[in-house]
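Taking it in order: structure first as structure tokens, then the write-up.
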Protein chains: 2
Amino acid sequence: MPTPAGDRSATSPSEVLALVRLGRATSRADVARETGLSATTAAARVEMLIRRGWLVETGTGPSAGGRPPRRLEMRGAAGLVVAVSLGERHAAIAVLDAAGRQVAERHLPIAVSDGPEAVLRTVVTAVEEAVAGLDDAPPLLAMCVGVPGPVSASTGLVVSPARMPGWNGADVAAIVRQWLPVPVIVQNDANLMALGEHAAGGSPAEQMVFVKVGSGIGCGVVAGGVLHRGSGGFAGDISHTTVPGAPPVPCSCGRVGCLDAVASGAALVEQLAERGVPAPDTEGMLDLARDAHPLTTQLLREAGGSTGTVLSTILNFFNPERLVIGGHLSSAEAFVAGVRSAIYAQCPPMITDGLEIAVSRVGQQAAVLGAAREALDLAFSPEQLAVRAAAR
Amino acid sequence: MPTPAGDRSATSPSEVLALVRLGRATSRADVARETGLSATTAAARVEMLIRRGWLVETGTGPSAGGRPPRRLEMRGAAGLVVAVSLGERHAAIAVLDAAGRQVAERHLPIAVSDGPEAVLRTVVTAVEEAVAGLDDAPPLLAMCVGVPGPVSASTGLVVSPARMPGWNGADVAAIVRQWLPVPVIVQNDANLMALGEHAAGGSPAEQMVFVKVGSGIGCGVVAGGVLHRGSGGFAGDISHTTVPGAPPVPCSCGRVGCLDAVASGAALVEQLAERGVPAPDTEGMLDLARDAHPLTTQLLREAGGSTGTVLSTILNFFNPERLVIGGHLSSAEAFVAGVRSAIYAQCPPMITDGLEIAVSRVGQQAAVLGAAREALDLAFSPEQLAVRAAAR
DNA sequence: GCCACTTACTCCGAAAGTGGAAATACTTCA
DNA sequence: TGAAGTATTTCCACTTTCGGAGTAAGTGGC
């Protein structure tokens with residue numbers, strides 16, 4: 001038998017789909033330009049994707065002095081993806097259609113310490129309910145779950161999560177698939193936030209470092225335009241990096257003076273308590289800072305300094321074009337000022353000249369946005385397209 | 001006019017060439033397996049590359065229970081590349097044929113402080129002489145020059161090189177091309193050493209950090225199997241990272257306590273001198289260590305500790321599978337022990353479990369090997385193949 | 001309001017790349 | 001010695017792809 005049609009194409013369907021998905025092409029002519037294919041071939045590709053139900057034409061776009069282009073979009077009704085971000089006490093869920101439009105949203109109080117089965121059962125129930133609430137819901141294509149702890153790149157298991165008691169070795173994807181038969185990606189939350197920020201707005205930086213400072217501290221890395229996970233999947237896990245010159249505060253990892261034990265929201269709450277200033281949690285501590293509470297502000301600035309000190313070594317090493325500060329503490333000006341100050345004091349101009357230091361544009365949504373992007377990428381990966389094509 | 005031949009192929013000539021060059025394919029059948037092309041097409045590609053003079057058949061390989069494969073190799077006579085590694089007082093030059101075999105070698109004393117024009121004129125003269133000494137020398141295809149200082153990725157200029165007075169802003173490629181009309185790549189020496197080590201021997205690590213400790217300290221990064229240069233090209237430049245807890249030794253950059261000022265060979269020579277132990281240079285200092293001179297050994301161990309402390313932050317952040325220690329100081333056991341000890345004390349098991357810490361296998365040759373690889377990659381890049389094809 | 005011009009897209013024929021099957025070359029293993 | 005296995009070649013049919021011509025549908029000048 002000669003080669004079946006469609007397998008031999010130099011530019012695969014998923015590549016063309018990606019162009020449209022990511023907004024890099026909105027017409028047949030765009031596809032031709034972006035891929036380097038001839039107009040004929042590009043049109044044929046698009047036609048096939050329309051026939052298969054992935055793309056739709058939505059009227060015409062603005063003319064650029066000639067015939068107006070026929071605007072292409074993802075067909076939302078082609079499917080749904082689910083983005084989940086787990087926190088210690090809170091789960092954020094977004095359901096998006098294939099076009100990336102959010103069609104449902106849920107926020108649940110959870111207790112991560114209830115363990116993976118219980119928490120994920122709650123989450124899955126909320127997802128099922130959210131999907132059931134939609135008029136003629138399309139099929140679920142993929143799901144991404146963000147967790148506040150390290151995830152092994154090779155096995156997908158949660159590993160040594162300091163803030164997730166009972167989750168060590170948990171196979172989140174397998175647990176979810178007990179109830180929802182879809183491909184599931186599990187990813188560390190800081191990594192997802194980096195992705196969310198990377199995808200948001202203007203021109204994405206090829207090399208970016210995203211540092212998340214909330215109750216804990218984590219960091220996500222984009223190298224060469226893609227997420228850098230490292231050999232084990234633990235890249236960016238700077239929580240247990242020793243901070244130079246920091247007091248020997250004991251850390252959950254058994255050592256002292258770790259960044260997490262010195263500069264995280266949880267650490268600051270504890271430091272305040274020791275000094276007779278009770279704050280219920282990180283949010284409460286930030287409320288104090290918003291009221292210009294002097295000691296809190298001072299501690300925040302120092303924590304920013306500690307974070308900036310660790311980051312400056314990283315920036316020298318990695319030389320990114322953007323450093324983004326996210327997580328709850330990024331709303332505290334004193335903290336951000338402390339980070340900036342430490343970095344400018346400790347990095348040479350060669351590094352800081354080409355560096356943009358910014359507070360996250362997408363704020364608390366970063367993790368869910370990143371999870372959404374991962375889920376969409378998974379749903380329209382060549383592999384998944386092939387699997388679904390074969391299933392018909 | 002219909003499409004000209006050879007432009008439409010899904011697998012470009014340079015990809016097939018790369019398979020053979022890098023030893024991943026030694027027969028037509030290998031090419032078919034590695035590329036996923038049919039045997040027919042793979043054979044056609046190989047035939048074309050033989051016709052164009054890039055590949056040759058060199059007898060047959062060992063049979064695996066059937067017809068023995070016809071062994072393919074790069075045609076050495078297809079061209080030459082030049083690999084140059086500049087040090088402060090020494091230039092190493094290697095001339096290789098297209099098959100990657102070294103056909104000439106030169107070692108020159110230079111004084112980097114003579115400035116770029118003078119030094120490079122000397123180097124180019126040596127290259128010309130070396131090439132002239134060959135029987136019927138093939139044409140020069142490409143050249144890579146490694147320099148002991150930062151190189152801008154965007155402009156290719158040498159930038160703020162602490163150890164290269166008079167080279168700030170030097171356009172090494174342009175200067176060389178005055179005399180040798182070939183494509184030239186300029187690259188920081190630590191980056192090249194990382195590449196050299198990466199290419200050498202067994203299975204190359206996808207994520208690798210190479211730290212070079214000689215008179216100065218630098219570091220090269222491999223992320224996702226390719227050299228990570230960072231946004232400006234300065235990635236890995238850890239010389240001016242502040243070392244936690246180090247004495248406030250003034251540094252050439254204007255700050256104090258930089259890694260370069262604390263733990264480099266030059267810094268140790270100075271520290272020894274202050275304590276009344278004269279050593280002429282880094283080599284002399286290492287000779288003392290080889291004679292088990294107590295103070296030198298102690299200083300080396302402390303320098304290793306400082307280096308390891310900076311590296312542990314980097315390892316937490318980057319999570320590589322290999323850390324390679326190179327440069328002159330890697331021959332001092334006390335130094336290497338200091339590095340290891342600091343890393344194991346300061347990185348969590350999550351990071352160290354999947355980490356191999358090794359001394360460079362290729363030693364002093366690392367930089368030239370890396371330069372050779374860069375030059376060969378450049379010579380057989382799709383762009384250069386196209387340029388040369390058009391020139392005929 | 002007509003006309004030149006630009007841009008987007010479609011139809012058509014031709015050439016080239018591609019893979020499958022079958023044939024051939026050469027070797028190991030029983 | 002033959003059977004089986006691997007490497008390579010030959011032949012052929014099938015796609016894919018492209019370029020060019022043709023059509024569609026706007027803009028802007030006068």
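Reckoned from all heavy atoms, side chains included, excluding hydrogens, waters and symmetry mates. Chain letters run A, B, ... following the sequence lines, proteins first and then strands; every chain starts at 1.
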Over how many whole Å does the gap from [X] atom [atom1] to [N] atom [atom2] extend?
X     : N      : atom1 : atom2 : answer
A/L55 : C/dC9  : CG    : P     : 13 Å
B/R28 : C/dC26 : CZ    : C1'   : 15 Å
B/R33 : D/dA7  : CZ    : C1'   : 9 Å
B/E47 : C/dT18 : CD    : P     : 15 Å
A/R67 : D/dA25 : CZ    : C1'   : 6 Å
B/R70 : C/dT27 : CZ    : P     : 13 Å

Check: C/dG20 base within 3.5 Å donor-acceptor of B/T40 side chain: yes

Closest heavy-atom pair and its distance - B/L141, B/A379: CB-CB, 3.8 Å

Nearest heavy atoms of A/A78 and A/P138, plus distance in Å: C-CB, 4.3 Å

When all nucleic acid strands are considered with a 4.0 Å heavy-atom cut-off, which category describes [X]: base, sugar-phosphate, or nothing?
X     : answer
A/S63 : sugar-phosphate
B/R71 : nothing
B/S27 : sugar-phosphate

Earlier contact from the 5' end, DNA chain C, for A/G65 and A/A43: A/G65

Within 6.0 Å of CZ in B/R361, more than 12 heavy atoms from elsewhere: yes

Neighbour count >12 (heavy atoms, 6.0 Å) for atom CD, A/Q365: no

Proximity to the side chain of [X] - top-ranked nucleotide from [options]:
X     : options               : value
B/T41 : C/dT10, D/dT9, C/dG19 : C/dG19
B/P69 : D/dA7, C/dG19, C/dT10 : D/dA7
A/S38 : C/dC9, C/dC26, D/dG19 : D/dG19
B/R45 : C/dT18, C/dC9, D/dA25 : C/dT18

Point-to-point distance, once rounded to the nearest 0.5 Å, from CD of B/E57 to CD of B/E47: 7.0 Å

First encountered from the 5' end of DNA chain D, between A/A39 and A/A64: A/A39

